[in-house]
Amino acid sequence: MISHLQISRARLAFILGGLAMFGPFSIDTVFPAFLVMARDLGVGKVAMQQTISVYLIGYAAMSLFHGPISDAIGRKKVLLAGIVVFTLASVGAALANDMTTMLVYRGLQGLSAGVGLIVGRAVVRDCLQGDDAQRLMSQISMIFGIAPAIAPVIGGWILGFSEWHGIFWFLAVFGLVLFALTAWGLPESHPVENRVPLHAKTLVTDYAHMLSNRKFRLLALAGTFNFGALFVYIASAPAFVMDLLDLGEQDFVWFFAPTIGGMMLGAFVSGRAAGRITGRRLVEWGFLCCGVAAAYNIGYNALTDSPTLPWAVLPTALGAFGIALVFPIVTLAILDMYPRHRGGASSMQAFVGLLSNAAIAGLLSPLVSDSGLHLALAASAFTATGYALWRWYITHDNRCPDPDPNIARHEPTGEM
């Protein structure tokens with residue numbers, strides 16, 4: 001299918017991977033500046049956590065609309081508009097000198113940042129099917145995975161020669177670069193004849209149908225809880241790195257590099273396994289890795305009061321590897337449920353995940369980031385819940401296959 005778009009798969013992966021970087025760049029680049037921002041804005045560490053929560057709430061709220069709008073008017077227009085809003089919001093945050101203003105522009109960043117990831121997933125499914133789609137999704141995951149590793153390093157480097165405002169100027173420039181790349185290099189993947197008119201009543205009905213679909217709920221929640229085990233560490237990164245590991249503002253790389261290295265390796269293995277290993281087996285292997293990581297994490301932190309490198313980051317690296325095995329399979333299965341509403345399905349999946357991430361960042365992280373054991377227990381609970389939901393989905397899928405043979409099966413590899 002990709003040939004009619006006259007774009008190489010490598011270029012498609014590069015652009016969509018860059019667009020997916022908006023989210024982690026918006027969060028992780030700012031982490032090294034938390035202390036100096038709190039001082040300059042006159043707030044405490046708990047208040048600084050709200051800059052993440054407000055961002056994620058905006059991200060979650062708008063995520064419900066990115067996909068359906070792209071189903072109605074095309075993918076590229078929505079992508080370009082989102083990039084413009086993100087760039088302007090980054091400029092506003094760079095000029096902010098009080099907490100209220102900062103929260104307003106962080107919210108605007110959140111409203112726009114999800115467009116790359118959500119619409120990008122729909123673009124993948126527009127262009128490719130089956131094993132090819134899994135390979136491309138895995139390639140995008142590898143590129144996307146670079147962002148959390150290099151973002152805090154870039155943030156710390158910027159703090160070395162500039163104030164924290166410079167981090168948001170960097171995000172604005174990043175937005176401009178992606179706007180140029182998208183406008184030049186990404187064709188429209190959703191032709192006019194396949195578009196679905198956007199009506200509020202229809203949108204509500206479609207989302208209600210998705211949420212009433214047990215298979216959709218189970219898959220979306222399984223993926224959400226599985227990723228939550230990693231996100232609780234990402235949201236707690238300032239406390240984990242600087243307080244628990246006793247490292248400096250420019251040392252976030254010691255946490256993010258091995259963690260994202262595990263995620264990129266998992267994405268690579270997932271892409272190589274497409275067509276060779278069934279999707280269901282890959283997910284089982286992914287959850288096995290996450291389970292081993294959880295057991296080690298609890299054991300290690302129960303035996304030490306002062307976590308140290310490299311032992312403290314080994315479980316997050318292994319867990320990230322397992323998550324990367326699970327992610328492409330679950331995401332493509334969700335998109336396959338609604339072939340004419342892929343944007344909407346991607347939006348609802350993202351919305352469910354983002355609500356969870358916002359709660360983790362704003363509510364859970366401040367409660368568990370005081371000790372390594374509390375973080376390990378919280379992450380392990382997410383992993384266990386995610387696997388239980390996945391097994392529930394498998395049981396339900398075996399008992400209740402889709403009655404309509406014209407509807408795509410929930411099996412992106414064709415072999416689940």
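Interatomic distance, CG of Asp40 versus CE of Met102, reported as 10.0 Å (0.5 Å rounding). From Leu211, atom CG reaches atom CE of Met348 across 4.5 Å, with rounding to the nearest 0.5 Å. The CG atom of Leu375 lies 6.0 Å from the OG atom of Ser369; values are rounded to the nearest 0.5 Å. Taking CD1 of Ile158 as the reference point, atom CZ of Phe170 lies at 6.0 Å (rounded to 0.5 Å). Rounding to the nearest 0.5 angstrom, the gap separating the CZ atom in Phe168 from the OG1 atom in Thr29 is 9.0 Å. Considering CD of Glu284 and SG of Cys289, their distance stands at 11.5 Å, rounded to 0.5 Å.
If you look at Phe174 and Phe25, their ring centroids are closer than 6.0 Å. Between Phe382 and Phe231, a ring centre-to-centre spacing not shorter than 6.0 Å is recorded.
Other residues, nucleotides and ligands place more than 12 heavy atoms under 6.0 Å from the NZ atom of Lys76.
No donor-acceptor pair closer than 3.5 Å links the side chain of Thr304 to the backbone N or O of Asn301. Of the possible polar contacts, one joining the Ser380 side chain to the Ala376 backbone as a donor-acceptor pair under 3.5 Å is found. No donor-acceptor distance shorter than 3.5 angstrom exists from the side chain of Arg39 to the backbone of Phe34, with no hydrogens or angles considered. When atom types are taken as modelled, the side chain of His165 and the backbone of Ala94 share a donor-acceptor pair closer than 3.5 angstrom. The main-chain N or O of Ser212 is found under 3.5 Å from a side-chain atom of Arg217 such that the two form a donor-acceptor pair.
Residues Leu245 and Trp254 fail the side-chain proximity criterion, which asks for heavy atoms closer than 4.5 Å. Between Met263 and Phe321 there is no side-chain heavy-atom pair separated by less than 4.5 Å. Side-chain atoms of Ile334 and Phe216, non-hydrogen and from C-beta on, do get closer than 4.5 Å to each other. No side-chain heavy atom of Leu111 sits less than 4.5 Å from a side-chain heavy atom of Tyr55. Taking 4.5 Å as the limit, every side-chain heavy atom of Leu108 sits out of range of all side-chain heavy atoms of Ser112. Counting heavy atoms from C-beta on, the side chains of Ser90 and Gln109 come closer than 4.5 Å. Annotation: side chain of Val115 is in contact with side chain of Val78 (closest heavy-atom distance under 4.5 Å). At least one side-chain heavy atom of Asn297 sits less than 4.5 Å from a side-chain heavy atom of Tyr233.
Leu41 and Trp164 get closest at one heavy-atom pair: CD2-CZ2, 4.2 Å. Considering all non-hydrogen atoms of both residues, Ile360 and Ala235 come closest at CG2-CB, 4.4 Å. In plain terms, the two heavy atoms of Gly319 and Cys290 that are nearest each other are O-SG, 3.6 Å. Residues Val232 and Ala378 approach most closely at CG2-CB, 4.5 Å, considering heavy atoms. The two residues His374 and Val368 have their closest heavy-atom pair at CB-O, 3.3 Å. Across Ser270 and Leu325, no two heavy atoms sit closer than the pair N-CD2, 4.0 Å.
Residues His209 and Asn213 bring no donor and acceptor atom of their side chains to less than 3.5 Å of each other. A donor and an acceptor atom, one from each side chain of Ser365 and Ser236, are located under 3.5 Å apart. Using modelled atom types, one finds no donor on one side chain facing an acceptor on the other under 3.5 Å when comparing Thr51 with Arg106.
Remark: Thr182 engages Ile15, Leu19, Leu79, Leu80, Ile83, Leu186 in a side chain to side chain contact (heavy atoms under 4.5 Å, CB included) (not counting sequence neighbours).
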(request) Kindly indicate, with the supporting measurements, whether the criterion side chain to side chain contact (heavy atoms under 4.5 Å, CB included) is fulfilled by Tyr105 and Leu95. (result) CA-CA 10 Å; Tyr105 285 112; Leu95 298 174; over 6 Å; no
(request) Could you walk me through whether Phe227 and Thr383 pass the side chain to side chain contact (heavy atoms under 4.5 Å, CB included) test, one step at a time? (result) CA-CA 8 Å; Phe227 183 74; Thr383 296; over 6 Å; no
(request) Could you please spell out the steps behind the side chain to side chain contact (heavy atoms under 4.5 Å, CB included) verdict for Val292 and Leu318? (result) CA-CA 8 Å; Val292 172; Leu318 180 58; 3.9 Å; yes
(request) Applying side chain to side chain contact (heavy atoms under 4.5 Å, CB included), run through Leu35 and Met242 and close with a yes or a no. (result) CA-CA 10 Å; Leu35 294 180; Met242 292 189 285; 4.1 Å; yes
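For the pairing with Trp311, the side-chain contact (heavy atoms from CB on, under 4.5 Å) check across Val313, Leu309, Leu314 returns one residue only, Leu314. Here the options are Thr385, Leu219, Leu221, the test is side-chain contact (heavy atoms from CB on, under 4.5 Å), and the partner is Trp390; only Leu219 passes.
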